[in-house]
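Here is the structure we will look at.
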Amino acid sequence: MAFWWPLLVLAFAYGICRFLLMLIPPKVPSIDVDTSDVLDDGNQAQENSFIYVPPRGTSQQSGKIVQCYEPATMKYLGYVPALTQDEVKDRVAKVRKAQKMWAKSSFKQRRMFLRILLKYIIKHQALICEISSRDTGKTMVDASLGEIMTTCEKINWLLSEGERWLKPEYRSSGRSMLHKRARVEFHPLGVIGAIVSWNYPFHNIFNPMLAAIFSGNGIVIKVSEHASWAGCFYFRIIQSALAAIGAPEDLVEVITGFAETGEALVSSVDKIIFVGSPGVGKMIMKNAAETLIPVTLELGGKDAFIVCEDVDLDHVAQIAVRAVLQSSGQNCAGAERFYVHREIYSSFISKVTKIIKSVTAGPPLVGKYDMGALCMHEHSEKLEGLVNDALDKGAEIVARGSFGHIGEDAVDQYFPPTVIVNVNHSMRLMQEEAFGPIMPIMKFSSDEEAIRLANDSKYGLGCAVFSGSQSRAREIASQIHSGAVAVNDFAVSYMCQSLPFGGVKHSGFGRFGGIEGLRACCLVKAVVEDRWWPFVKTKIPKPIQYPVAENGFEFQESLVEALYGLNVWDRLRALVNVLKMLTEQNPAGNSSKKRSD
């Protein structure tokens, strides 16, 4: 007992010291970011205060500039340049030069970069969310959930575990290479390219940037033409943080433009990450094939939301409405197909209908609204087309939310939250990605039917399963063909940044997030070296040295059986044969003599 006391005292003292160290705030520099041209203080110049009317129909923005406006009010925000192919290649070249220096940086310096960003984000949450809200139409709460929390969680995970997963990883060298040491090394790829969507203008920039920079890469991010104004401001935060740690100023670039800009980026970088539609994803793959660079595609989603009969209906109804409002065109491809057990079908509809009727949509920065505007112009027409197709085939609308005070010029930017029943898989609404606040509800009678319906989709991004029995929900979830699944919750896998994120089928392939996403930014290199160098060196056995001996193949047969035979006695007998052949005198010389004869 006396032996253990000193160890216990030391362990206790160590724990106390660790706790006290946690109480000491780290010394993290603060950064200043110019906000003079993005704050809406009512004093903007007259030329920046008019209502912007985007082109309609098949014509889209194009040319040398990208026009930016607030979708919730149609107020003009300004414009950014649409970079040409040569301009993109010039930006990539600058990042490539900077990356060669950054690849030699320490993890200590990389962690400081993350801490500076985290400090700024926490202190300026309202500013970051307001910028996102103005450029995409989402509410401040939605911006906090989707932009701030996810980004902070990723930074925290990288600070805690990032270095661990980028250090060399030693692996088993196997039976035939016992005298060797095997490991995997993770080296920067060079310049990562990312083409990101508009739904998370802040997080979609920071997510690939954080992984790329922490793993020693440079990165060029092409932001969506629908969220370029916000993207350019968020870039300033990154630039200020890089300057604060003395990193190369060209290590990160944010570029703006249209299809030509994105195509030029794909042809110039060492890896491409794309977040967007399946159609554009296929074009990205085709262009990437020209230079054979790796591709990560995070594409569309049509997530299933399965509700068994043994759930807490009030609880699940609230989650269901939150899940469908995340598809409002502001946040993400949330739940778009709701499958509810026949026994509770009517009760579930009643509860979600009551909640949906209380939801009000309006300009998020003007009043207190539950839902904001659609980001993309004319998207409401697509949603109306999906609903009308369903109605023509027998569906029925049972509830819709309401609108608040919406300016006449912005009416087309809103779509009311809608609950629709009597749907089936012949309807476009149940097959095509809606990206809107529509809740189509379909009944099922058995777990097998729910699984079949959930898998009857060309998409496979995420899924949610609810049951009073966790084992039952887990069993259903295990049979859903998707990249992520939440048991008795919705979309929480993304908040666990230790997990990979991505889909299957038309939802894409490859992963970002977690160990898999971090290492996907690396050249994964297999390294083998002598374990006991220079005392034990690799030497080719005599029977298979050139010129090969007559018993060369016999030697190989015995060696294979000695190493991998299933019976220990057979292995020992083969080992004796191996040793015997190794000790034979000059078998190669005898072979040579016979050949000369």
Side-chain angles (χ1 to χ4, degrees), residues 100 103-104 107 161-190 215-217 270-271 285 288-296 478 500 502 504 509-511 514-597:
K100 293 184 184 303
K104 302 174 184 177
F107 282 111
E161 300 187 39
E163 180 179 358
R164 170 189 174 191
W165 298 113
L166 291 176
K167 283 186 173 181
E169 181 178 282
Y170 284 87
R171 304 280 180 89
S172 166
S173 55
R175 288 183 179 177
S176 63
M177 292 288 120
L178 282 174
H179 59 298
K180 299 288 186 179
R181 184 163 38 216
R183 68 176 180 272
V184 182
E185 294 180 352
F186 304 94
H187 300 275
L189 278 174
S215 54
N217 295 282
D270 303 305
K271 173 187 171 73
M285 282 188 64
E290 294 296 323
T291 51
L292 290 177
I293 60 171
V295 178
T296 294
S478 69
V504 295
F509 56 82
R511 297 293 184 266
I515 305 163
E516 294 80 1
L518 184 61
R519 289 179 170 179
C521 295
C522 299
L523 165 62
V524 181
K525 183 181 293 185
V527 180
V528 180
E529 61 184 359
D530 288 307
R531 189 184 297 272
W532 297 293
W533 177 271
F535 305 106
V536 178
K537 302 178 183 178
T538 298
K539 186 176 181 181
I540 299 174
K542 288 182 180 180
I544 58 174
Q545 289 181 6
Y546 292 107
V548 177
E550 286 185 345
N551 62 351
F553 183 71
E554 181 186 351
F555 170 81
Q556 280 300 120
E557 282 186 306
S558 296
L559 180 62
V560 170
E561 187 169 9
L563 288 169
Y564 310 111
L566 298 178
N567 185 297
V568 65
W569 299 112
D570 290 341
R571 289 173 61 188
L572 286 173
R573 186 180 67 252
L575 179 60
V576 170
N577 289 336
V578 168
L579 295 174
K580 181 180 178 181
M581 285 183 275
L582 286 174
T583 56
E584 286 182 357
Q585 294 297 317
N586 199 23
N590 294 336
S591 176
S592 299
K593 186 177 180 181
K594 277 195 172 182
R595 290 194 191 105
S596 64
D597 291 344

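Note that these values count all heavy atoms, side chains included, but never hydrogens, waters or copies made by symmetry. Since this is a predicted model, take the numbers as computed values, not measurements.
- In this structure the side chain of Leu166 reaches within 4.5 angstrom of the side chain of Cys522, judged on heavy atoms.
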Considering only distance and modelled atom types, tabulate donor-acceptor pairs under 3.5 Å from the side chains of residues 533-540, sequence neighbours left out.
residue, atom, partner, partner atom, Å
Thr538, OG1, Lys180, NZ, 2.4
Thr538, OG1, Asp530, OD1, 3.3

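- Side chains of Val504 and Phe509 form no contact here, defined as non-hydrogen atoms less than 4.5 Å apart.
- Within the 4.5 Å cutoff, the side chain of Leu523 has no heavy atoms near those of the Phe186 side chain.
- Within the 4.5 Å cutoff, side-chain heavy atoms of Met177 are placed close to those of His179.
- Taking CZ of Arg571 as the reference point, atom CG of Leu575 lies at 9.0 Å (rounded to 0.5 Å).
- Counting all heavy atoms, side chain and backbone alike, Arg531 lies closest to Leu178 at NE-O, 2.9 Å.
- The side-chain heavy atoms of Arg183 and Glu529, taken from C-beta on, include a pair separated by under 4.5 Å.
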Would you be so kind as to tabulate the donor-acceptor pairs closer than 3.5 Å made by side chains of residues 558-569, with sequence neighbours excluded?
residue, atom, partner, partner atom, Å
Ser558, OG, Glu554, O, 3.3
Asn567, OD1, Trp569, N, 2.7
Asn567, OD1, Asp570, N, 3.3

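- Judged purely by atom type and a 3.5 angstrom limit, Asn217 uses its side chain to pair as donor or acceptor with the backbone of Cys521.
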Verdict with reasoning, Asn551 to Glu584, per side-chain contact (heavy atoms from CB on, under 4.5 Å): CA-CA 10 Å; Asn551 62 351; Glu584 286 182 357; 3.2 Å; yes
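- Using modelled atom types, one side-chain atom of Arg519 and one backbone atom of Trp165 make a donor-acceptor pair closer than 3.5 Å.
- Side-chain contact check for Leu582 versus Pro543: some heavy-atom pair is nearer than 4.5 Å.
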